[in-house]
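Below, read A as the first sequence line, B as the second, and so on, with proteins coming before strands; counting in each chain starts at 1. In what follows, every heavy atom counts, from backbone to side chain, and hydrogens, waters and symmetry copies are set aside.
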Amino acid sequence: MRLSAYFLPLLKENPAEAQIVSHRLMLRAGMIRQSAAGIYSWLPLGLRVLKKVEQIVREEQDAAGAQELLMPTLQPAELWRESGRYEVYGKEMLRIRDRHDRDMLYGPTNEELITDIVRGSVKSYRDLPKMLYHIQWKFRDEVRPRFGVMRGREFLMKDCYSFDLDKPAAVASYFRMFAAYMKTFKRMGLTPIPVRADTGPIGGDLSHEFHVQADTGESELFYDADVVKLDESNIDPTSPDVQKYIANWYAATDEKHDQAEFEARVPEERRRRARGIEVGQVFYFGTKYSEPMKAVVAGQDKTQITMEMGSYGIGVSRLLGAIIEANHDDNGIIWPEPVAPFKVGLINLRAADAKCKEACDDLYAKLQKAGVEVLYDDRDESAGAKFAAMDLIGLPYQFVIGPRGVTNNVVEIKNRRSGEKQELSPEAALALVAGTNA
RNA sequence: CGGGGCGUAGCUCAGCCUGGUAGAGCGCUAGCUUUGGGAGCUAGAAGCCGGAGGUUCGAAUCCUCUCGCCCCGACCA
């Protein structure tokens with residue numbers, strides 16, 4: 001993509017409304033634009049990252065055995081009356097009336113809808129288990145939206161629902177998803193910390209929140225260092241020992257932290273304290289919805305079995321804020337490579353110079369041919385402006401070509417994260433990024 | 001939902017107290033000069049001063065009402 005043609009409205013100054021760093025940087029880097037309080041448009045650069053985050057989530061859901069579907073944003077109030085949540089949910093739920101005076105709502109979550117779908121088609125014990133998920137926009141009418149996309153009213157969420165025959169199977173589904181979450185967040189360059197959680201309005205008796213570590217995070221976490229060291233690929237979700245271990249380890253947010261228990265259970269050298277941002281939560285809630293909504297299957301012995309359910313959410317749009325909170329410096333964003341909007345930023349320092357232009361155009365074509373995602377700054381701007389823009393949007397590699405480099409046939413490569421610079425031939429530069437392209 | 005703050009050019013803000021022809025910096029347009037860390041000079045364009053009422057000869061400025069946005073708290077993916 002040529003920057004001269006790209007819609008990338010960068011801001012040199014901090015917008016007054018943005019207080020926290022991720023919000024400021026997303027606005028300054030031209031990723032989002034606010035439409036109303038807590039509601040944002042996603043501009044091309046922001047959308048590219050959103051899609052990458054979404055894709056990683058999708059791949060790990062699929063790998064965990066879940067199947068993707070897509071439910072609507074608008075739901076009939078009827079289903080929520082059936083589960084009893086229509087009255088319980090409060091003003092956070094955006095209620096709408098259609099032209100026929102039917103009560104509708106913009107979904108804040110989808111337990112009712114998915115249960116309705118499953119109960120309509122799943123009739124036999126042979127049809128279970130099932131795990132179904134979708135990635136869809138949700139709306140929660142927060143009293144006070146803030147922190148940009150981290151606490152918007154409209155947000156993109158992955159929500160998955162598991163349906164099992166009995167509790168042991170449902171708990172295994174829970175821990176399968178648990179392991180998938182660890183992997184998902186790690187793939188984005190984050191450090192996930194799973195914290196035991198209350199089940200809140202969703203209900204149930206087993207739940208974990210996933211926080212990712214960020215110095216600017218909203219909550220304070222106290223945890224056993226072993227929690228972070230756990231390798232999710234070794235988790236056997238069906239093992240009662242593993243389940244017990246995970247369910248009982250010490251990790252708590254400040255509200256639920258018990259210093260005495262922390263000290264009693266965790267050796268001093270393993271006690272950790274950090275700030276985090278919540279990006280996901282998993283619940284096992286048994287028959288809370290399947291019971292009132294009559295989601296049952298016929299068992300082998302002609303009995304009726306009420307499905308055992310769990311639900312699993314990831315705040316996809318919120319993750320962008322969390323990733324930036326955990327990956328930035330004074331100059332701007334530092335994207336982890338798997339979610340970077342482009343892998344390489346190619347800078348022509350002297351756009352008016354024919355030789356520079358030729359060298360850059362050539363390298364740009366080769367990068368594209370090699371399948372490397374590249375943003376090419378071909379604008380006629382001052383060098384400083386180009387460096388600053390590239391640092392701000394935080395692409396992992398900056399390829400710089402100026403009059404000096406052209407004379408020596410070298411490309412200067414800057415690693416955005418480490419700041420290290422090296423000079424390579426165009427061929428070597430190409431090999432550097434083409435080789436490791438995912 | 002309680003408390004506080006702010007709405008003036010695309011962005012950051014001054015002007016308001018003490019009413020009298022709407023400002024600055026950045027950005028934008030044109031030209032010239034520059035060219036390795038947000039360039040310089042010159043000339044421009046750009047605003048229903050959030051909206052509605054009121055007071056006044058006269059309102060960005062004073063009064064009333066309203067809408068929007070931000071911050072702290074309670075609440076939350």
Side chain of Lys421(A) only, please: which of G37(B), G38(B), G36(B) is the nearest? G37(B)
Please determine whether any donor N or O and acceptor N or O are separated by less than 3.5 Å between the side chain of Glu13(A) and the base of G25(B). yes
The nucleotide from C69(B), G36(B), A77(B) with an atom nearest the side chain of Glu278(A) is A77(B)
Between G15(B) and U61(B), how far apart are the two P atoms, rounded to whole Å? 15 Å
Quick one: label Ala383(A) by what it contacts on the DNA or RNA (base, sugar-phosphate, nothing), any heavy atom closer than 4.0 Å. sugar-phosphate
By nearest heavy atom, map Gly315(A) and Pro403(A) onto RNA chain B; which one lands nearer the 5' end? Pro403(A)
Arg144(A) side chain N/O closer than 4.0 Å to the phosphate oxygens (OP1, OP2) of A74(B)? no
For C1(B), give the paired nucleotide (Watson-Crick: N1-N3 plus N6-O4 or O6-N4; G-U: N1-O2 and O6-N3; both under 3.5 Å), or none. G73(B)
Gly152(A) near the nucleic acid: base, sugar-phosphate alone, or nothing, with a heavy-atom cut-off under 4.0 Å? base
Is a donor-acceptor pair below 3.5 Å formed from side chain Arg151(A) to base C75(B), judging by atom type as modelled? yes
Specify the residue among Arg28(A) and Pro15(A) whose closest nucleotide of RNA chain B lies further upstream toward the 5′ end. Pro15(A)
Pairwise P distance, U66(B) and G10(B) [rounded to whole Å]: 28 Å
Return the pairing partner of G47(B) with a 3.5 Å limit on both distances, Watson-Crick or G-U wobble; otherwise return none. none
Is Lys414(A) touching bases, backbone alone, or none of the nucleic acid, heavy atoms closer than 4.0 Å? base
Distance between the C1' atoms of A46(B) and A30(B), in whole angstroms? 15 Å
With rounding to the closest Å, how many angstrom separate the P atoms on C41(B) and A24(B)? 15 Å
Looking only at N and O atoms, is any donor in the side chain of Glu381(A) or the base of G38(B) less than 3.5 Å from an acceptor on the other one? no
Measure the CD1-CD distance between Ile135(A) and Glu54(A) for me, rounded to the nearest 0.5 Å. 4.5 Å
Phe155(A) ring over A77(B) six-membered base ring, under 5.5 Å and 30°: yes
Would Arg95(A) pass as a cation-pi partner of Tyr86(A), given that its NZ or CZ must be under 6.0 Å from the six-membered ring centre and within 45 degrees of the axis? yes
Ignoring backbone atoms, establish whether Gln34(A) has a side-chain N or O less than 4.0 Å from OP1 or OP2 of C70(B). yes
Using atom C1' in both nucleotides, what's the gap between G4(B) and U42(B) to the nearest angstrom? 47 Å
Check the side chains of Asn331(A) and Arg416(A) for a donor-acceptor pair under 3.5 angstrom, ignoring hydrogens and angles. no
Who pairs with C62(B) - Watson-Crick or G-U, where each distance is under 3.5 Å: G54(B)
Only one of Ile193(A), Val282(A), Val195(A) passes side chain to side chain contact (heavy atoms under 4.5 Å, CB included) with Phe210(A), and that residue is Val282(A)
What integer number of Å spans the P atoms of C62(B) and C17(B)? 5 Å
Of the listed G36(B), A77(B), G38(B), the closest approach to the Arg318(A) side chain comes from A77(B)
Let's test this: given Watson-Crick or G-U wobble pairing with both distances under 3.5 Å, identify the partner of G7(B). C67(B)
Taking 4.0 Å as the cut-off, does a side-chain nitrogen or oxygen of Lys12(A) come that near to OP1 or OP2 on C11(B)? no
Using 0.5 Å steps for rounding, measure from the CG atom of Leu424(A) to the CG atom of Leu430(A). 11.0 Å
Distance check, rounded to the nearest 0.5 Å: Tyr40(A) atom OH versus Gln34(A) atom CD? 4.0 Å
Using the P atoms only, state how far A45(B) lies from U33(B), rounded to an integer number of Å. 24 Å
Look through every strand shown and name the nucleotide pairing with C16(B) as Watson-Crick or G-U wobble, where both distances are under 3.5 Å. none
As its Watson-Crick or G-U partner within any shown strand, both distances under 3.5 Å, U34(B) has none
Let's see if you can work this out: which of C75(B), G37(B), C70(B) has an atom nearest to the side-chain heavy atoms of Glu142(A)? C75(B)
Can you figure out which of G73(B), G37(B), C70(B) approaches the side chain of Gln19(A) most closely? C70(B)
Polar contact flag, side-chain donor to acceptor under 3.5 angstrom, Tyr289(A)-Glu111(A): no
Would you indicate what Asp159(A) reaches in the nucleic acid, counting non-hydrogen atoms under 4.0 angstrom: base, sugar-phosphate, or nothing? nothing
Minimum-distance nucleotide (side-chain atoms of Ala16(A) versus U12(B), G36(B), C76(B)): U12(B)
Does the cation-pi check pass for Arg272(A) over Phe222(A), that is, NZ or CZ under 6.0 Å from the six-membered ring centre and within 45° of its axis? no
Applying a 3.5 Å limit to both distances, which nucleotide forms a Watson-Crick or G-U wobble pair with G27(B)? none
Using a heavy-atom cut-off of 4.0 Å across all strands, would you classify Gly402(A) as base, sugar-phosphate, or nothing? base
Whole-angstrom distance between C16(B) and C6(B), as gauged at atom C1': 14 Å
With respect to the phosphate group of C1(B), does any side-chain polar atom (N or O) of Lys91(A) fall under 4.0 Å of OP1 or OP2? yes
Nearest listed nucleotide, side chain of Val400(A), among G38(B), G36(B), G73(B): G36(B)
